[in-house]
Amino acid sequence: MENKQIIKILKNTAKLMELHGENDFKVKSYQSAVSSLERHPTSLAIMDIDELQNIEGVGKSLAQSIYQINEQGSFELFDDLSAKTPEGIVEMMQLSGFGPKKIKLIWEKLGIENLEDLLIACKENKIAALKGFGDKTQVKLQEAVEYKLSWRGYIHYREAEQLAEKIIKELKSLEGVKEVSITSDTRRKMEVIKPLEILVASENKAKIIQYVAKNDEFDLDKKNSGPLSLKFIYKPLKAEIHLIFTTKEQFVNDLFKTTAHPKHLNAELEKGESFSHILKEKQFSSEEEIYKASGFPFIVPELREGLWELNWAKENAIPDLVEMNDLKGILHNHSTYSDGKNSLEEMAQYCKDLGYDYLGISDHSKTASYANGLQEFRVKKQHEEIDVLNEKLAPFKIFKGIESDILNDGSLDYANDVLESFDFVVASIHSPLSMDEKTATNRLINAIANPFTTILGHPTGRLLLQRKGYPINHKAVIDACAEYGVVIEINAHPWRLDLDWRYVRYALDKGVQISINPDAHETNGYHDMYYGLCVGRKAGLTAKETFNAKSLDEISQYFKDRKKSALSKI
DNA sequence: GCCGTTTTCGGCCCGACTGTTTTCAGTCG
């Protein structure tokens with residue numbers, strides 16, 4: 001079992017303990033073990049009980065629990081607590097801004113056990129009357145419930161892609177299956193997915209139905225399934241999956257039809273016809289042929305949104321989209337200096353092993369005390385270590401960066417003489433996150449105007465399917481970046497993908513450079529770069545417009561020039 | 001439940017912010 005899965009169970013156990021009124025210190029011991037385990041760099045699954053006990057915050061009892069979770073997938077305490085907690089309560093505890101204490105009160109005083117009833121209670125003004133609640137909390141709760149309900153059943157792209165790969169592999173092994181492909185939103189690499197759709201050409205539907213019906217992880221939706229499609233739920237993620245049936249002959253036409261957004265499919269082409277019309281004319285054997293028949297150049301699936309790609313195609317000016325091997329370095333990463341799992345050297349070595357030429361390390365700044373943010377003397381220490389490593393790993397280079405918290409007034413949280421010591425500065429907001437649009441926008445613009453800011457980090461602070469992020473005036477923020485020469489990141493973590501690709505297009509039109517940053521907190525985090533790349537491509541991002549596609553020499557010079565300019569402005 | 005010992009049990013516990021209080025609890029990063 002992966003560390004992440006084990007930790008998730010312990011984290012949920014702590015939440016349930018709190019919900020059921022367990023001793024606060026006992027809960028805290030679970031929470032502190034969780035935060036220690038989250039920073040543990042090696043696999044827990046291969047450790048015995050004695051070794052587990054050596055981990056800080058893990059004693060005899062937790063060591064045995066971890067061992068049991070790894071062996072059996074769960075442990076008694078979690079099972080007992082889960083058994084006495086309605087599923088809706090678990091969902092209520094996931095509401096952003098609301099923890100076990102508040103949910104416990106709502107459950108006990110009002111008997112509410114699901115999101116739907118909770119929404120009604122908000123509307124009927126019943127929440128504000130509870131002790132410890134008030135009007136503002138009720139409004140916040142209602143917003144959180146509505147947000148949660150509106151995204152129910154969605155999964156992140158990463159999960160959709162991984163799940164699709166697994167199902168496709170299994171379908172391909174079935175008798176009678178001729179062709180299989182992901183399609184619709186997933187093939188267009190949308191950031192969140194519902195339903196996950198897979199197109200299957202098969203001569204033996206019965207085999208497929210049998211495969212779904214027999215799989216314990218699937219819950220077949222007989223009512224909504226029929227001769228054209230099979231619908232079911234993937235239980236571990238509560239994800240909706242549709243298998244769309246077609247024939248081998250119709251496969252390409254149907255793949256095109258189900259992939260494209262209706263606005264792409266039905267857009268008026270040169271002679272007044274649309275792709276829909278063209279598809280009715282004949283059965284094509286490749287998507288390239290379909291575009292050829294339309295008189296258009298080939299358009300990759302992720303661009304088929306009916307937004308800007310057809311104008312590009314008409315002018316035969318589809319951008320040469322950025323690819324993984326265009327990326328020369330990885331910026332915005334954390335190490336054990338703050339809240340990362342791996343040491344500076346491990347982060348650097350792995351980055352080098354992956355074939356990149358440079359790494360930008362940007363641990364948390366001093367305000368982020370929860371994340372072990374760097375006080376000034378620790379910044380100095382890290383810079384000394386980077387100097388040593390740079391000699392050792394040359395020509396590979398580590399750039400000295402920081403993820404500086406943007407404070408309430410938009411200032412960065414070091415004095416200029418400290419800011420000056422970095423090669424680059426990623427400026428990000430971490431708290432507080434609840435602001436109105438004007439406050440948030442001004443706060444960001446102040447940080448952008450700081451001459452030491454190189455990159456704007458995760459501009460909205462959103463966590464897809466979990467929290468909306470603070471509202472900002474995107475255009476004003478992007479315009480400011482254009483004015484002050486600040487690069488904007490696409491935070492490539494699959495839960496963030498922030499800046500949103502829809503605004504990446506606007507940023508590119510304004511000449512703002514985009515950096516695809518994984519915000520890695522461990523070596524494995526580098527692989528998230530791919531998800532940032534996917535959404536960048538949706539916006540038409542090219543290598544030339546991608547900041548971390550610069551060569552080592554180019555980016556060194558850029559940082560140098562930028563600092564020179566900053567020093568002349570202070 | 002964990003830790004560190006005065007080795008058998010008492011103390012544990014970041015800090016800012018919000019919204020509720022009327023001095024603090026809950027939540028978050």
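Values reported hereafter were calculated over all heavy atoms of this structure, with side chains retained and with hydrogens, waters and symmetry mates removed. The sequence lines fix the lettering, A, B, ..., with proteins before strands; numbering per chain opens at 1. Just so it is clear, the structure is predicted and the values come from calculations on it, not from any experiment.
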**Message:** In this structure, is the centre-to-centre distance between the rings of A:Phe547 and A:Tyr558 below 6.0 Å?
**Reply:** yes
**Asked** Which nucleotide, in any strand shown, forms a Watson-Crick or G-U wobble pair with B:dT8, with both distances under 3.5 Å?
**Response** none
**Message:** If I pick the C1' atom on B:dT21 and the same atom on B:dG26, what distance separates them, to the nearest angstrom?
**Reply:** 13 Å
**CG on A:Leu465 to CD on A:Gln94, rounded to 0.5 Å** = 11.0 Å
**Asked** Charged N to carboxylate O under 4.0 angstrom, A:Lys380 versus A:Glu376?
**Response** no
**Atom pair distance, as rounded to whole Å: CD1 in A:Ile106 and P in B:dG26** = 13 Å
**Asked** Looking across every strand, which nucleic acid part, if any, lies under 4.0 Å from A:Ser96 by heavy atom: base, sugar-phosphate, or nothing?
**Response** sugar-phosphate
**Item:** Ion pair A:Arg502/A:Glu191, N-O distance below 4.0 Å
**Value:** yes
**Item:** Interatomic distance where CZ belongs to A:Phe75 and C1' belongs to B:dG1 [whole Å]
**Value:** 11 Å
Report each atom pair, protein N/O against N/O of nucleotides 4-15 of chain B, whose distance is under 3.5 angstrom.
from, atom 1, to, atom 2, distance (Å)
B:dC13, O2, A:Lys28, NZ, 3.2

**Asked** Do the side-chain N and O atoms of A:His20 and A:Thr85 include a donor-acceptor pair separated by under 3.5 angstrom?
**Response** yes
Do any N or O atoms of the protein come closer than 3.5 Å to N or O atoms of nucleotides 16-19 of chain B, and which pairs are they?
from, atom 1, to, atom 2, distance (Å)
B:dC17, OP1, A:Asn408, ND2, 3.0
B:dG19, O3', A:Thr137, OG1, 3.1

**Request:** Take atom CD of A:Glu18 and atom P of B:dC28, then tell me their distance rounded to the nearest Å.
**Result:** 10 Å
**Asked** On a whole-Å scale, what distance lies between the P atoms belonging to B:dT6 and B:dG11?
**Response** 14 Å
**Prompt:** Hey, which of these two, A:Lys101 or A:Gly57, hits DNA chain B nearer its 5' end, going by closest nucleotide?
**Reply:** A:Gly57
**Message:** With rounding to the nearest 0.5 angstrom, report the NZ to CG distance, A:Lys189 to A:Leu497.
**Reply:** 12.5 Å
**Asked** Where does the angle between the aromatic ring planes of A:Phe78 and A:Phe75 fall among parallel (under 30°), tilted (30 to 60°) and perpendicular (over 60°)?
**Response** parallel
**Request:** Could you please spell out the steps behind the side-chain contact (heavy atoms from CB on, under 4.5 Å) verdict for A:Ile448 and A:Thr453?
**Result:** CA-CA 6 Å; A:Ile448 291 162; A:Thr453 300; 5.5 Å; no
**Request:** Using the C1' atom as the reference point in each nucleotide, state the distance between B:dC17 and B:dC12 in Å, no decimals.
**Result:** 24 Å
**Prompt:** Do the two ring centres, one from A:Phe399 and one from A:Phe424, sit under 6.0 Å apart?
**Reply:** no
**Prompt:** Once you round it to whole Å, what is the distance between P of B:dG1 and CG of A:Leu52?
**Reply:** 17 Å
**Prompt:** Can you check salt bridge (Lys or Arg N to Asp or Glu O under 4.0 Å) on A:Arg462 and A:Asp500, steps first, answer last?
**Reply:** CA-CA 10 Å; A:Arg462 75 177 184 185; A:Asp500 189 284; 2.8 Å; yes
**Request:** Determine the Euclidean distance between corresponding C1' atoms of B:dC3 and B:dC13; express it in Å to zero decimal places.
**Result:** 13 Å
**Prompt:** What's the CG-P distance between A:Leu62 and B:dC3, to the nearest Å?
**Reply:** 9 Å
**Prompt:** So what does A:Val58 hit on the nucleic acid, given a heavy-atom distance under 4.0 Å: a base, only sugar-phosphate, or nothing?
**Reply:** sugar-phosphate
**Interatomic distance, A:Lys26 NZ vs B:dC2 P [rounded to whole Å]** = 10 Å
**Asked** Rounded to the nearest Å, what distance is computed from the NZ atom of residue A:Lys11 to the P atom of nucleotide B:dG1?
**Response** 21 Å
**Fill in**
Taken to the nearest whole Å, CG/A:Leu141 to P/B:dG26 is 16 Å
**Asked** Quantified in whole Å, what is the C1' atom distance between nucleotide B:dT8 and nucleotide B:dC2?
**Response** 14 Å
**Message:** I'd like the P distance from B:dC28 over to B:dT23, given in whole Å.
**Reply:** 26 Å
